[in-house]
Peer 1: 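Structure provided below as structure tokens; questions to follow.
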There are 2 protein chains.
Amino acid sequence: MVTVGIKEVAQRAGVSPGTVSNVLNRPERVAAATRSRVEQAIRELGFVRNGSAATLRAGQSRTVGLVVLDVGNPFFAEVARGVEDVVSDRDHAVILCNSGESPEKESRNLRVLAEQRVRGVLITPVGEDTSRLQRLRDRGVAVVLVDHSASGDLCSVAVDDVAGGDLATSHLISRGAERLAFATGPLAIRQCADRRKGARRALRNAGLPVRSIEDVVVPEMNAHGGRLAAEKLLAGDLPEAVFCANDLLALGVLRTLLQAGVRVPDDVALIGYDDIEFSSAAAVPLSSIRQPTYRLGKIATELLLDECDDPGGHAHQQIMFQPELVVRESSR
Amino acid sequence: MVTVGIKEVAQRAGVSPGTVSNVLNRPERVAAATRSRVEQAIRELGFVRNGSAATLRAGQSRTVGLVVLDVGNPFFAEVARGVEDVVSDRDHAVILCNSGESPEKESRNLRVLAEQRVRGVLITPVGEDTSRLQRLRDRGVAVVLVDHSASGDLCSVAVDDVAGGDLATSHLISRGAERLAFATGPLAIRQCADRRKGARRALRNAGLPVRSIEDVVVPEMNAHGGRLAAEKLLAGDLPEAVFCANDLLALGVLRTLLQAGVRVPDDVALIGYDDIEFSSAAAVPLSSIRQPTYRLGKIATELLLDECDDPGGHAHQQIMFQPELVVRESSR
DNA sequence: CGAGCCAATTAAAACGTGTCAACAACCCCG
DNA sequence: CGGGGTTGTTGACACGTTTTAATTGGCTCG
């Protein structure tokens, strides 16, 4: 491994290392002739700037961290795409971390990111405890919450999950449903708790008792979790409508119900959440709550980089999008 | 931004910086009493090791790069999950890059990764040209190809796409189809070209002329591309069966055909590729070619880290998995 | 009691870049 | 021809860690 550094380049081009550095970072300050001489030397030697040295010197790197609950979930994959697009435009890189909904993994990830001296962190936090994030921020790392609203001292980009839960449930009620189920992941996950809250608000507004909706909690928010939830439902009296905390769950539920001979939406109406690409192509096209997923990632990243570029003049913003009801066959 | 370094910790614990470093990296070399004193100082000051400095000193970081064609594709999301799991076990981090099938973006990404002094790079290359990768490797960065086979001087983990194309097409032929279509992304993408090659092999083996299959090339390998492909098909004589180069295409095709009133599989049989989770939940459950996606990411990463840990004794391996036919409603 | 050894600790020298004050060369204009 | 301004270049230091060889002090054994 031959390590060609700025010095070798300088020597070859017959200039000082400082000039090479200038060519790299402020090309306008160096005369055209010298510049092209240096550039040629760079090409000939195959020189690549050592990012760690630059980071060490500068105190921060050209990377941002992205911590999501599950890359396998198309929702987060889409967020990641938004992040990656912006970051790559600005010549930065993304360090992707999966917390898998575990606070320990989240902590570990944050430590690694802090060690890497990332400029900022985009995170969908696992729990409600933002103290670790505060400490990060105090250490000079910008933090933007994604799909989770913050309380004034942090930036956040989120979608109103209570409104979404209300939207979904009101829709089911307007269709005549009076006995509902809410299939969800652990209620410790804020998204789940909020959507549930919205569902209950919808019930109250419709004059229905809160016990009209039954919570079906499963450990994982994916298709397998959906299967489990459906099995629980099938073991009792089937509700008239099921609201699922995300589309992955809903697809699992749908499939299991169909296999058991239940007709959707005639026997049971179904609605999911996130409106991932595949929901519209499902066996019974799935109603869902649409979120501006790609924009979530994009805007969060812009906020983050703006905060990085001007830490003083930056005012924390809490952006809240409104979700949108998409009605398809599964609840028509 | 207060930067608390190893020196402050040393001062507070009443030891030298070297000892603090030892506590961090070889705890067994330092006496229990001093160690705990240092550890306490670390906790009290909230010290986090500066990774860039460590990287600068060591010459390489504790990160690996992952360059994929599209994070939005569940196939790659699943690969990423496999990578992330292994890497995080070994206390490393992943830098995720999207090449979006563009050689320019790929180059840019590789430059960033080289600057970051990643230990290794996992990449699904856009084109066939591996010279850039060779240069990377010569510079001391381990390289493992993912979903792309290498030719001896590089590690690779791939799935036999020719066999997969053959499998899919033979299946359609065995069902009685004699006029086929192959919906695909740009044939410059190796996966597409190989699957096409497999399809043609199947035709030959069945004694059918090569012109029995019509290529329908679209620019993007996602649901939108699938819609385009289906529209092209609908504009002419419908084939008896369509083989799609991936499931996203197939889902787009399926949806568009159904909307146009075409019955699947009665009018047109359909098979996809990748067997992503959603294929089984589609309007008409999709036949597909299954690949060991998660294992692809996992094994590639293990190979990569092994190469990093023992660059001398490492023999390059080309691992090739065999794909598997999954028959569902869409081609039954 | 001293030589020799071991364990624990330290001081100092890298790693490769960015920055900044200082300097050189040149030009313009009085 | 000289003073002052401008443009381009330089040299040296700092960033925070790891590592190596050197040092200290305590202990054993002859």
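Residue numbers begin at 1 in each chain, while the letters A, B, ... track the order of the sequences.
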Peer 1: Select base, sugar-phosphate, or nothing to describe what A:T34 touches, counting heavy atoms under 4.0 Å on all strands.
Peer 2: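 It contacts sugar-phosphate atoms only.
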Peer 1: Side chains of A:R108 and B:S88: any donor to acceptor distance under 3.5 Å?
Peer 2: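 Yes - a donor-acceptor pair under 3.5 Å links their side chains.
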Peer 1: With the side chain counted from C-beta on, respond yes when A:V157 and A:V146 share a heavy-atom pair under 4.5 Å apart, and no when they do not.
Peer 2: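 A side-chain contact under 4.5 Å is absent here.
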Peer 1: I need the single residue from A:V67, A:L69, A:L66, A:I189 that forms a side-chain contact (heavy atoms from CB on, under 4.5 Å) with A:T124. Which is it?
Peer 2: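 Only match with A:T124 under side-chain contact (heavy atoms from CB on, under 4.5 Å): A:L69.
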Peer 1: Taking for each residue the nucleotide of DNA chain C with the nearest heavy atom, is it B:R29 or A:L24 whose nucleotide lies nearer the 5' end?
Peer 2: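 Nearest nucleotide further toward 5': that of B:R29.
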Peer 1: Is there a side-chain contact between A:V121 and A:V64, using heavy atoms and a 4.5 Å cut-off?
Peer 2: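 Of all side-chain heavy-atom pairs linking A:V64 with A:V121, none is under 4.5 Å.
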Peer 1: Just by distance, no angles: are the side chains of B:E128 and B:H148 close enough, under 3.5 Å, to form a donor-acceptor pair?
Peer 2: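 Yes, side-chain donor-acceptor contact under 3.5 Å.
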Peer 1: Give a yes or no on whether the backbone of A:V68 and the side-chain of A:S99 come within a donor-acceptor separation of less than 3.5 Å.
Peer 2: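 Confirmed, A:S99 side chain pairs with A:V68 backbone.
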Peer 1: Report the C-alpha distance between A:R119 and A:T63 in whole Å, list the side-chain angles of each, state the deciding distance to 0.1 Å, and finish with yes or no for side chain to side chain donor-acceptor pair (under 3.5 Å).
Peer 2: CA-CA 6 Å; A:R119 292 195 72 178; A:T63 51; over 6 Å; no
Peer 1: Base of D:dT17, side chain of B:R57 - is there a donor-acceptor contact under 3.5 Å?
Peer 2: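 Absent.
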Peer 1: Among residues 35-45 of chain B, which ones have heavy-atom contacts with DNA chain C below 4.0 Å?
Peer 2: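 Result for residues 35-45 of chain B: none.
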Peer 1: Tell me what A:N25 touches on the nucleic acid: a base, only sugar-phosphate, or nothing, going by heavy atoms under 4.0 Å.
Peer 2: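 Answer is sugar-phosphate: A:N25 comes under 4.0 Å of backbone atoms only.
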Peer 1: How about B:Q134 and B:D153: does a side-chain donor come under 3.5 Å of a side-chain acceptor?
Peer 2: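 Side chains of B:Q134 and B:D153: pair found under 3.5 Å.
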Peer 1: Where along residues 11-21 of chain B does a heavy atom fall under 4.0 Å from DNA chain C?
Peer 2: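 The answer is B:V15, B:S16, B:T19.
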Peer 1: Against A:R49, only a single residue in A:I6, A:V20, A:N25 fulfils side-chain contact (heavy atoms from CB on, under 4.5 Å); can you say which?
Peer 2: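 Single pass found, and it is A:N25.
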Peer 1: Looking only at atom types and distance, does a side-chain atom of A:N73 sit under 3.5 Å from a main-chain N or O of A:F75, one as donor and one as acceptor?
Peer 2: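 At least one qualifying donor-acceptor pair exists.
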Peer 1: Can you work out whether B:V30 or B:L56 has the more 5'-proximal nearest nucleotide on DNA chain C?
Peer 2: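 Result: B:V30.
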Peer 1: So where does chain A start and stop touching DNA chain C, 5' to 3', when the test is distance under 4.0 Å to a non-hydrogen atom?
Peer 2: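 Taking any atom under 4.0 Å from a heavy atom of chain A, the span is C:dG16 to C:dT19.
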Peer 1: Looking only at side-chain N and O atoms, does B:R49 come under 4.0 Å of OP1 or OP2 in D:dT18?
Peer 2: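 Indeed, a polar side-chain atom of B:R49 lies that close.
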